[in-house]
Amino acid sequence: QVQLVESGGGLVQPGGSLRLSCVASGRTLDYHAIGWFRQAPGKERVGISCISSSNGPTYYADSVKGRFTISRDNAKNTVYLQMNSLKPEDTANYFCATGAYSRCSWFKEWARQDEYDDWGQGTQVTVSP
């Protein structure tokens, strides 16, 4: 079973940037699509991005498209989420997750949390003046 650990969260002003990391151990991520999700207080966990194996196609929720960029470094067994132009509504706990498929398009819906099997513990992002 794979263990996922997110890091890179913190407090940032609106308009600022953060880069989140998701490091895996126990299994290579080379052949797995990876999703990033976020959960704001009192709200459901929602998918915001997905990257296929071998730096394949990427997908973004409309709410983050053009501001966030997902990437991966298979040599480091790590997936990143670069977040720019952050807004207060981006405040949430951010999670990475992996499932059985190597392509995001092979999920019935990549943004659905029940498509994924393994999750990290999350990293908190707070966007506030």
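In what follows, every heavy atom counts, from backbone to side chain, and hydrogens, waters and symmetry copies are set aside.
A donor-acceptor distance shorter than 3.5 angstrom exists from the side chain of Gln121 to the backbone of Glu6, with no hydrogens or angles considered. Within the 3.5 Å criterion, the main-chain N or O of Gly15 finds no donor-acceptor partner in the side chain of Ser85.
In plain terms, the two heavy atoms of Phe95 and Gly120 that are nearest each other are CD2-O, 3.6 Å. Here the closest heavy-atom approach between residue Ser21 and residue Thr78 is recorded as CB-CG2, 4.3 Å. Ile34 and Cys96 make their closest contact through CG2-CB, 4.5 Å (heavy atoms, listed as atom of the first residue, atom of the second, distance). In this structure, His32 and Thr28 approach most closely via the heavy-atom pair CD2-O, 3.7 Å. When all heavy atoms of Cys50 and Phe107 are compared, the closest pair comes out as SG-CE1, 4.5 Å. Contact detail for Gly35 and Tyr116: the closest heavy-atom pair is N-CE2, 3.7 Å.
Counting heavy atoms from C-beta on, the side chains of Thr91 and Val125 never come closer than 4.5 Å. Taking 4.5 Å as the limit, some side-chain heavy atom of Leu20 sits within range of a side-chain heavy atom of Thr123. Within the 4.5 Å cutoff, the side chain of Gln13 has no heavy atoms near those of the Pro129 side chain. A 4.5 Å side-chain heavy-atom check between Phe68 and Thr58 finds every atom pair outside the cut-off. Residues Pro14 and Pro88 form a side-chain contact, since some pair of their non-hydrogen atoms from C-beta on lies under 4.5 Å apart. The shortest distance between side-chain heavy atoms of Glu44 and Gln39 does not fall below 4.5 Å. Put simply, the side chain of Arg67 does not reach to within 4.5 Å of the side chain of Tyr60, judged on heavy atoms. With a 4.5 Å cut-off on side-chain heavy atoms, Leu4 and Val23 do not count as touching.
Interatomic distance, SG of Cys22 versus CG of Leu29, reported as 6.5 Å (0.5 Å rounding). Taking OH from Tyr80 and OG from Ser49, the interatomic distance works out to 15.0 Å, rounded to the nearest 0.5 Å. Taking CG of Leu18 as the reference point, atom CG of Asn84 lies at 9.5 Å (rounded to 0.5 Å). Put simply, CD1 on Ile51 and CZ on Arg72 are 5.5 Å apart, with the number rounded to the nearest 0.5 Å. To the nearest 0.5 Å, atom OH of residue Tyr31 and atom CG of residue Asn74 are 9.0 Å apart. With values rounded to the nearest 0.5 angstrom, Ser17 atom OG is found 5.5 Å from Gln82 atom CD.
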Audit row: Lys108, Glu115, side chain to side chain contact (heavy atoms under 4.5 Å, CB included) steps and yes/no: CA-CA 8 Å; Lys108 289 181 182 179; Glu115 296 276 10; 2.9 Å; yes
Trace of the side chain to side chain contact (heavy atoms under 4.5 Å, CB included) decision for Met83 with Arg19: CA-CA 6 Å; Met83 307 187 297; Arg19 189 177 79 157; over 6 Å; no
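A donor-acceptor contact closer than 3.5 angstrom is absent between the side chains of Thr98 and Asp118. Counting only N and O atoms by type, the side chains of Tyr94 and Arg38 include a donor and acceptor under 3.5 Å apart.
A salt bridge between Asp90 and Lys87 is absent, with no side-chain N of the basic residue lying under 4.0 Å from a carboxylate O of the acidic one.
Between Trp110 and Tyr59, the ring planes lie tilted relative to each other; the angle falls in the 30° to 60° range.
Both Phe37 and Trp106 are assigned to one and the same hydrophobic cluster, defined by single-linkage of ILVMFWY side chains at heavy-atom distances under 4.5 Å.
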